[in-house]
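Here is the structure we will look at, set down as structure tokens.
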Amino acid sequence: MKKIIALCLSLLVLSCSLTVFAADDFVSSPSGQGPSLITGVISNPSCDAHLVITPYAQRNTLDAEALAAIEAAFAQLSATADLSTLNDAFASHVASLGLDGSKLAVSDLFDASYIGCLLHNSHGQYDITLSAANLDKFVGLLHNIGGAWEFVDNATVSNDKTSLSFTVNSLSPFAILVETEDAGEDSSEVDSSEDDSSVADSSEADSSVIEDDSSAPDQGGNSPETGDNHNYIWLIVAAVAAVVVLVLVFKKRRV
């Protein structure tokens, strides 16, 4: 009896400690919490606003406009096969690193906003430093402004790979992109034997597919993991609890 209970408890602990890497374009943060603000400086000295970082997992705390923006950004990222195609400057950056854009992933999606200032809309620049997971695989930071993605080319990772610093002029959703294990296998090298015309035709076909996918709503099924989709854990917990109850009931009846 003790061995059975011990086994059930072991399964429970194991299920709660799993780190999940999701399908599609997202990987989940090992902490499950997303990035958190370390420092946030607003260049306008007359502004008393405070910066706030809201991970996608906590998006329901945002106002309606910010919530719609981050969910639209999530849908766009999920529907894009090659994340480097979201911005031309970012695509050039990825190519310069010798990486395959179709093998990149989103480590964190978060909203940046401010509270505490009602006097004006112009705050100058925002100097932000935040902590995040997977920064040892950092490739770039993208900023979603009005539905379009911009490459934040001044984003830098600390030497210990635990914090990310960047400067922007506006606040809205951001996505941290990282390389996966096979991101270094640049598909352009594999396809170098093709003639120019076939490569051009292939590129046009790929871009049309991406556009079609981005316009389609997320139907679920292969929903990307961003730290808030852990229903499977609760199913395991419920199953383990049920086994323990059945064992205890069976033992009581025998007595």
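On a predicted model such as this, the values are computed, not experimentally measured, just so you know. In what follows, residues are counted from 1 in the order of the sequence shown.
Distance check, rounded to the nearest 0.5 Å: OG of Ser92 to CG of Asp153 gives 11.5 Å. The OG1 atom of Thr85 lies 5.0 Å from the CG atom of Asp82; values are rounded to the nearest 0.5 Å. Atom CG of Leu141 and atom NE2 of His143 lie 8.5 Å apart (nearest 0.5 Å). Here the straight-line distance linking atom CG of Leu97 with atom CD of Glu179 works out to 8.0 Å at 0.5 Å rounding. Ile53 contributes atom CD1, which lies 9.0 Å from atom OG of Ser36 (distance to the nearest 0.5 angstrom). Summarising the geometry, atom CD1 belonging to Ile42 is positioned 12.0 Å from atom CD belonging to Gln125; distances are rounded to the nearest 0.5 Å.
At least one side-chain heavy atom of Pro55 sits under 4.5 Å from a side-chain heavy atom of Pro35. A 4.5 Å side-chain heavy-atom check between Leu171 and Ile128 finds at least one atom pair inside the cut-off. Under the 4.5 Å side-chain criterion, counting only non-hydrogen atoms from C-beta, Ile176 is not in contact with Val106. The shortest distance between side-chain heavy atoms of Leu164 and Thr129 does not fall below 4.5 Å. Looking at Val139 and Leu99, their side chains come closer than 4.5 Å, going by heavy atoms from C-beta outward. In this structure, Leu104 and Val178 have side chains that are not in contact, with every pair of non-hydrogen atoms separated by 4.5 Å or more. Between Val168 and Val152, some side-chain heavy-atom pair lies under the 4.5 Å cut-off.
With sequence neighbours left out, the ring pair (Phe, Tyr, Trp, His ring centres under 6.0 Å) criterion links Phe151 to Phe90, His93.
Between Phe74 and Tyr56, the ring centre distance stays below 6.0 Å.
Hydrophobic clustering of Ile, Leu, Val, Met, Phe, Trp and Tyr side chains at less than 4.5 Å, counting indirect connections, unites Leu77 with Leu67.
Considering every non-hydrogen atom in both Ile145 and Ser170, the closest pair reads CD1-OG, 3.7 Å. Pairing each heavy atom of Ala73 with each of Pro173, the nearest pair is CB-CB, 4.2 Å. Taking every heavy atom of both residues into account, Leu86 and Gln76 meet most closely at CD2-NE2, 4.3 Å.
Taking the six-membered ring for Trp and thresholds of 30 and 60 degrees, Tyr126 and Tyr114 have nearly parallel ring planes, at less than 30 degrees apart. By the 30° and 60° cut-offs, the orientation of the rings of Phe166 relative to Phe174 is tilted.
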Quick one: do Phe110 and Ile70 satisfy side-chain contact (heavy atoms from CB on, under 4.5 Å)? Show the steps, please. CA-CA 7 Å; Phe110 62 93; Ile70 197 170; 5.5 Å; no
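Counted by atom type alone, Asp111 and Thr54 present zero donor-acceptor pairs between their side chains at under 3.5 Å. Donor-acceptor pairing under 3.5 Å is recorded for the side chains of Asp127 and Thr167.
Asn134 places no side-chain N or O within 3.5 Å of a backbone atom of Lys137 that could act as its donor or acceptor partner. Of the possible donor and acceptor atoms, one in the side chain of Ser172 sits under 3.5 Å from a partner among the backbone N and O of Asn144.
Within 6.0 Å of CG on Asp88 lie no more than 12 heavy atoms contributed by other residues, nucleotides or ligands. More than 12 heavy atoms of other shown residues, nucleotides or ligands fall within 6.0 angstrom of atom CG in Asp63.
Residue Ile38 forms a side-chain contact (heavy atoms from CB on, under 4.5 Å) with just one option from Ser158, Ser165, Ser163, and that option is Ser163.
Here Glu71 pairs with Arg59 in a salt bridge; the nearest charged N to carboxylate O distance falls below 4.0 Å.
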